[in-house]
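I have placed the structure first, in the form of structure tokens, so that the comments after it can refer back to it.
Letters A, B, ... are given to chains in the order of the sequence lines, protein chains preceding strands, and every chain is numbered from 1. No experiment lies behind these values; they were computed from the predicted model shown.
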Amino acid sequence: MEFAGAPVEGVGEGGAAGDVLDKIFNNIMKSNSIFTNRDALRNDYIPDRILFRDDEIAQLGQMLAPILRGNKPSNIFLYGKTGTGKTVVAKYVMRKLGERISQLKLNTKFIYVNARLASTQYKVLVELGSQLDISIPFTGLSLSEASSRIFDKLRRDGVNVVLIFDEIDYIVKNYDDNVLYELTRANNELLGGNFVSIVGISNDLKFKEYLDPRVLSSLSEEEIVFPPYTVDELEAILRDRVKMAFRPGVVSEAALKLCASLAAAEHGDARRAVDLLRVAGELAEREGSEEVSPDHVTRASKSIERDRTYEVVRSLPLHAKLILAAALSVPDETNTGRLYSNYALMAKRLGIEPLTQRRISGILSELDVLGIINAPVVSSGRFGRSKRIRLAVPRDAVARALREDELISSIL
DNA sequence: ATTCCACAGGAACGAGCGGGGT
DNA sequence: ACCCCGCTCGTTCCTGTGGAAT
């Protein structure tokens, strides 16, 4: 995993395998590793000091402060594109507030749930339950049974809850807002004097449209919008992290600037900037280089994309892979109809019954969301409307992942 | 101004899985 | 033992539609 796709210097130059290993191990063991604290670059790292988000932190703190007096705070919504600091700010405030709460011995709990990981209504309840020490089997119960177990326990113990609901748009888009409705309703009907407050976090502003108006009005009593970081801000953030993570002087100014500008091009995504820095650092270290150069950053950028593509494609279900195999066999772009007949042919050649075109159309939309293909709907007037389909990632990375599948590799 | 292609994408439904509570 | 549950992945049937051609 660590070494996926990264050729090790010196392999295949006639040296014994032992030499290669020695070199790798020596690089790792060298006391003067270029890193001093690699964890500061992990994407779940929460620094003690968060730059350029003072206002947001203050606002959120203000909104949640009533907790300290045992009052119910408003439900809050945090909006902003990926990598604009929503999650860090929420977790940071949660940590600080948590310290006060335990000092004051209040019976209030913070719960953090990520809807991308708990991606169904039921899984959300299971996750909620597990953080509250309520056992809910991972399948079998009805939704109402599961939620009443939770609310019963909360009422019995007199616990207040602040639920931080990250990437909340995931459940709402795929299901409906039942769970949210239940949770917002909880205060009025299900809990005596206790409260459940929700801090919802979403990358997608349009997601409001999916919400039932009743849920929307009670869920979004307060809002904080997170603007994207500018290049200058990204640079400052990176400089801060570099100080924590690397030995002084290891990361060149040019490399840092390149990380910032690459991430700024992606709507000011700080997480991407930090990822880039980390992978570039690992690349440099693996090569025994004393410096992280712009070249390392460029290569890191490519390797991140390739690795991601490879992982995503590899874990796709069979028919999605077949579609990609069909897509690989055309040089540039196709549309749904042509790709479908191509796919159906390949499937039959493998002795697999092809799925319907309706289903394939759906899978194409899913692949579009995953970023593996680009599939906008275009109209060719008299010649109908269809998706214009082209690969959005390097062909060789797709091909490499597909060849891993025994069935599919037999037809290239 | 109409027509009409080649689909898009919603809705309803069902099989199959991995499990409940009583 | 019984009938229950949520969820995924698929089908069938369906109505809707941008814009070149007429």
- Side-chain ion pair, A:Asp48 and A:Arg95, N-O less than 4.0 Å: yes
- Exceeds 12 heavy-atom contacts within 6.0 angstrom, atom CD of A:Glu404: yes
- Task: Rounded to the nearest 0.5 Å, what's the gap from CD1 on A:Ile408 to CD1 on A:Ile352? Could you check?
- Result: 7.0 Å
- Message: In this structure, how many angstroms lie between the P atom of C:dG6 and the CG atom of A:Leu125, rounded?
- Response: 11 Å
- Pair of N/O donor and acceptor under 3.5 Å linking B:dG18 base with A:Thr139 side chain: yes
- Has A:Ser380 got a side-chain N or O lying under 4.0 Å from the OP1 or OP2 atom of C:dA20? no
- Where along residues 337-348 of chain A does a heavy atom come under 4.0 Å from DNA chain B, residue by residue in number order? A:Gly337
- Query: Below 4.0 angstrom from OP1 or OP2 of B:dC7, is there any side-chain N or O of A:Asn335?
  - Reply: yes
- Within this structure, what is the OH-to-C1' distance between A:Tyr170 and C:dC7, rounded to whole angstrom? 18 Å
- Give the rounded distance in Å between these two atoms: NZ of A:Lys387 and C1' of C:dG18. 16 Å
- Assess whether atom NZ of A:Lys302 is packed by more than 12 heavy atoms of other residues, nucleotides or ligands within 6.0 Å. no
- Task: Starting at atom CZ of A:Phe383, determine the distance to atom P of B:dT3, rounded to an integer number of angstrom.
- Result: 19 Å
- Kindly state which residues belonging to residues 141-148 of chain A come within less than 4.0 angstrom of DNA chain C, counting heavy atoms of the residue only, listed by number. A:Leu141, A:Ser142, A:Leu143
- Nearest 0.5 Å, what's the CD-OG1 distance between A:Glu311 and A:Thr309? 10.0 Å
- Answer yes or no: is there an ion pair linking A:Arg359 with A:Glu366, defined by an N-O contact shorter than 4.0 Å? yes
- Message: Check this for me: does any side-chain nitrogen of one of A:Asp275 and A:Arg272 sit under 4.0 Å from a carboxylate oxygen of the other?
- Response: no
- DNA chain B contacts among residues 351-373 of chain A, heavy-atom distance under 4.0 Å: A:Gln357, A:Arg358, A:Ser361, A:Ser365
- Would you mind telling me which residue lines up with the more 5' stretch of DNA chain B, A:Ser386 or A:Arg382, judged by nearest nucleotide? A:Arg382
- Message: Would you say A:Thr82 and A:His267 are linked by a side-chain donor-acceptor pair, where the criterion is simply a distance under 3.5 Å?
- Response: yes
- Charged N to carboxylate O under 4.0 angstrom, A:Lys81 versus A:Asp269? no
- Nearest-nucleotide pick for A:Thr336, side chain only, options being B:dT3, C:dG10, B:dC7: B:dC7
- Query: To the nearest angstrom, how far is A:Tyr122 atom OH from B:dG18 atom C1'?
  - Reply: 11 Å
- Task: Would you tell me if any nitrogen or oxygen in the side chain of A:Arg385 comes within less than 4.0 Å of OP1 or OP2 on C:dT15?
- Result: no
- Side-chain ion pair, A:Arg149 and A:Asp152, N-O less than 4.0 Å: no
- Output field: ring centroids A:Phe246/A:Phe35 closer than 6.0 Å: yes
- Rounded interatomic separation in angstrom, taking CD from A:Gln121 and C1' from C:dC7: 10 Å
- Task: Give me the ring orientation class for A:Tyr340 and A:Tyr343: parallel if the planes are under 30° apart, tilted from 30 to 60°, perpendicular past 60°.
- Result: tilted
